[in-house]
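To keep things clear, I will list the structure first and then write my remarks on it.
Numbers restart at 1 for each chain; the letters A, B, ... are given by sequence-line order, proteins then strands.
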Protein chains: 2
Amino acid sequence: MSPYPFRRLQIELAELIHSLPAEARLPSEPLLAKQMGVSRATLREAMRTFEGQGLIRRRQGVGTFVAPKVPVMDTGLEVLESLETIALRSGMTVRMGELQVEKVAADESLAKLLNLEVEAELTCVTRIIFTEQRPVAYLVDTLPLDILGVEELESGFTGSVLDLLLKRGAPKLTQSRTEIKAIGATSEVARALQIQRDAVLLHFAAQLYDEDSRVVDYSDSYFLPGYFRFHVVRRVG
Amino acid sequence: MSPYPFRRLQIELAELIHSLPAEARLPSEPLLAKQMGVSRATLREAMRTFEGQGLIRRRQGVGTFVAPKVPVMDTGLEVLESLETIALRSGMTVRMGELQVEKVAADESLAKLLNLEVEAELTCVTRIIFTEQRPVAYLVDTLPLDILGVEELESGFTGSVLDLLLKRGAPKLTQSRTEIKAIGATSEVARALQIQRDAVLLHFAAQLYDEDSRVVDYSDSYFLPGYFRFHVVRRVG
DNA sequence: CAGTGGTCTAGACCACGAG
DNA sequence: TCGTGGTCTAGACCACTGT
């Protein structure tokens, strides 16, 4: 039935994980591998699946734990909202961390996305969004320097470029064009979200437009599975 | 700079892949590992990234090849359309394969999604969508048996339950509620799409509604990255 | 049959976090 | 300092493909 140990392992691990209460600690990898009768490499392959589903949490130097049940941020994609707004509506709180603000020059790709010249001056804003338990999203916004200067982000920035622009009232924002992909985590994003390299992530690449149809912001958003539920209502015909 | 061989490997592999013409064959894994000065396991880890991006294609028993440049099916998510329709609009052709039609009984999860009793009789339609080069999507539709009988699918079914229902004209479809996730491929889906286990996929879970707000179809769609570009326009405020 | 990618093992060393 | 998970190695066997 199961030619490979992997399937059996997954089943046994699923049973083990479900039999334990939230926050419980699993045996160490070498021990668990011995108990399951497989090598540590194979065990880790199987564990990846469960981490990807948000069922376990691995912390280097500490151990592996059953993930706590977590409320989900549920939202439609018809309206552009900040994660802060979505969280608020879901009765959750999020906070921002590891904020980095840089002045950068547009490369070919960014120039195209923002409809600017190559080498144009840009503000690049990188940060991590945390729930109470863990980091759940990694966000990178890139804007023309004349739309949002570096100094404007140095105090009072709470994590959302969208909310900042809306509060400021200018430029007047109209819509966002968001491209939706599934990707594996790069090393950089993996570290930020405390997951393994190549873990599965949902990726939004969004261009934000103002009333003059100028692109005022390009953003990359990386979402950890299990903490968000994005849906869209599609009309027929 | 790069504490691990992995980063360097990725760079060297990227150069190698980009230096080769489409369809070119890469050296075998043991040879390439030796050339790159890493173990085969590490090489394969790095290769996964490129396969996930659709840049290479691995075929067991044959070899690893640079992926041909492929047209992309670009579509907005505001309107529900079949993959056949989207492909047509993109000037591509797709075909269906490995069609499986089963009569099944609703489990708790399906009953909830279709708003039916547990054990209700359902028609389950599974198939793979192929472009000229390769399988690119794995689709599973589940409908109440009285909406679509097994016999109706035995001839002339071209791959889209949506198109079939639209052509029939009843029930009258109004909209679909689609939930969007990123997931790792299960063994089943991985085999169908000829990719590695846990390869990253975009997943749509959709409930299709008729004019009486009944759920007439629940579908799971798994999309290979690189062949589709899904986008949505989000309005501000 | 030979050669490919797919899986698995046993063991090693490293980076990190807690005591 | 110690134990954890993160990475990597060298080698083995299996499943699949084409000849």
message: On DNA chain D, compare the nucleotides closest to A:Ala41 and A:Gly63; which residue's is nearer the 5' end?
response: A:Gly63
- prompt: Between the side chains of B:Glu132 and B:Thr93, does any donor sit under 3.5 Å from an acceptor?
  reply: yes
- line: In whole angstroms, the gap separating C1' of C:dC14 from CZ of B:Arg7 amounts to 17 Å
message: Is a donor from one side chain sitting under 3.5 angstrom from an acceptor on the other, for A:Thr49 and A:Gln10?
response: yes
field: Spacing of A:Phe65 atom CZ relative to C:dG17 atom C1', expressed in whole Å
entry: 11 Å
query: Taking CD from A:Glu45 and P from D:dG5, how many angstroms apart are they, rounded to a whole number?
result: 16 Å
- prompt: Side-chain N or O of A:Arg40 less than 4.0 angstrom from OP1 or OP2 on D:dC8?
  reply: no
- prompt: Roughly how many Å is it from CG in A:Leu43 to P in C:dG11, rounded to a whole number?
  reply: 16 Å
task: Can you tell me the distance, in whole Å, between the CE atom of A:Met36 and the P atom of C:dA10?
output: 16 Å
- request: Using only side-chain N and O atoms of B:Thr64, determine if any of them is under 4.0 Å from OP1 or OP2 of C:dG5.
  value: yes
task: Ignoring the backbone of B:Ser39, work out which of D:dG5, D:dC8, C:dG5 is nearest its side chain.
output: D:dC8
message: At less than 4.0 Å, is any side-chain N or O atom of B:Thr42 found next to OP1 or OP2 of D:dT9? Yes or no.
response: yes
- line: Judged by nearest nucleotide, the residue sitting upstream toward the 5' end of DNA chain C, B:Pro27 or A:Gly37, is B:Pro27
statement: Between CZ of B:Arg48 and C1' of D:dT7 the distance, given in whole Å, is 14 Å
field: Spacing of B:Phe6 atom CZ relative to D:dG6 atom C1', expressed in whole Å
entry: 12 Å
- prompt: B:Arg25 near the nucleic acid: base, sugar-phosphate alone, or nothing, with a heavy-atom cut-off under 4.0 Å?
  reply: sugar-phosphate
- request: Measure centre to centre between the rings of B:Phe223 and B:Phe230, then say whether the value is under 6.0 Å.
  value: yes
query: With respect to B:Arg127, which candidate in B:Val140, B:Leu139, B:Val101 satisfies the side-chain contact (heavy atoms from CB on, under 4.5 Å) definition?
result: B:Leu139
query: Between the base of D:dG6 and the side chain of A:Arg59, is there any donor-acceptor pair under 3.5 Å?
result: no
query: Looking at A:Arg58, does any N or O in its side chain come under 4.0 Å of the phosphate oxygens OP1/OP2 on D:dG6?
result: yes
field: Candidate nucleotides D:dC8, D:dG5, C:dG6, ranked by approach to the side chain of B:Glu29 - the nearest
entry: C:dG6
query: Of the nucleotides D:dT7, C:dG5, C:dT7, which one has an atom closest to the side chain of A:Gln196?
result: D:dT7
statement: Which of B:Val72, B:Val136, B:Ile129 passes side-chain contact (heavy atoms from CB on, under 4.5 Å) with B:Tyr227? Answer is B:Val136
query: How close or far is atom P of D:dA15 from atom CZ of B:Arg191, stated in whole angstroms?
result: 15 Å
- request: Using a cut-off of strictly less than 4.0 Å, decide whether B:Arg44 has a side-chain nitrogen or oxygen near OP1 or OP2 of C:dG6.
  value: yes
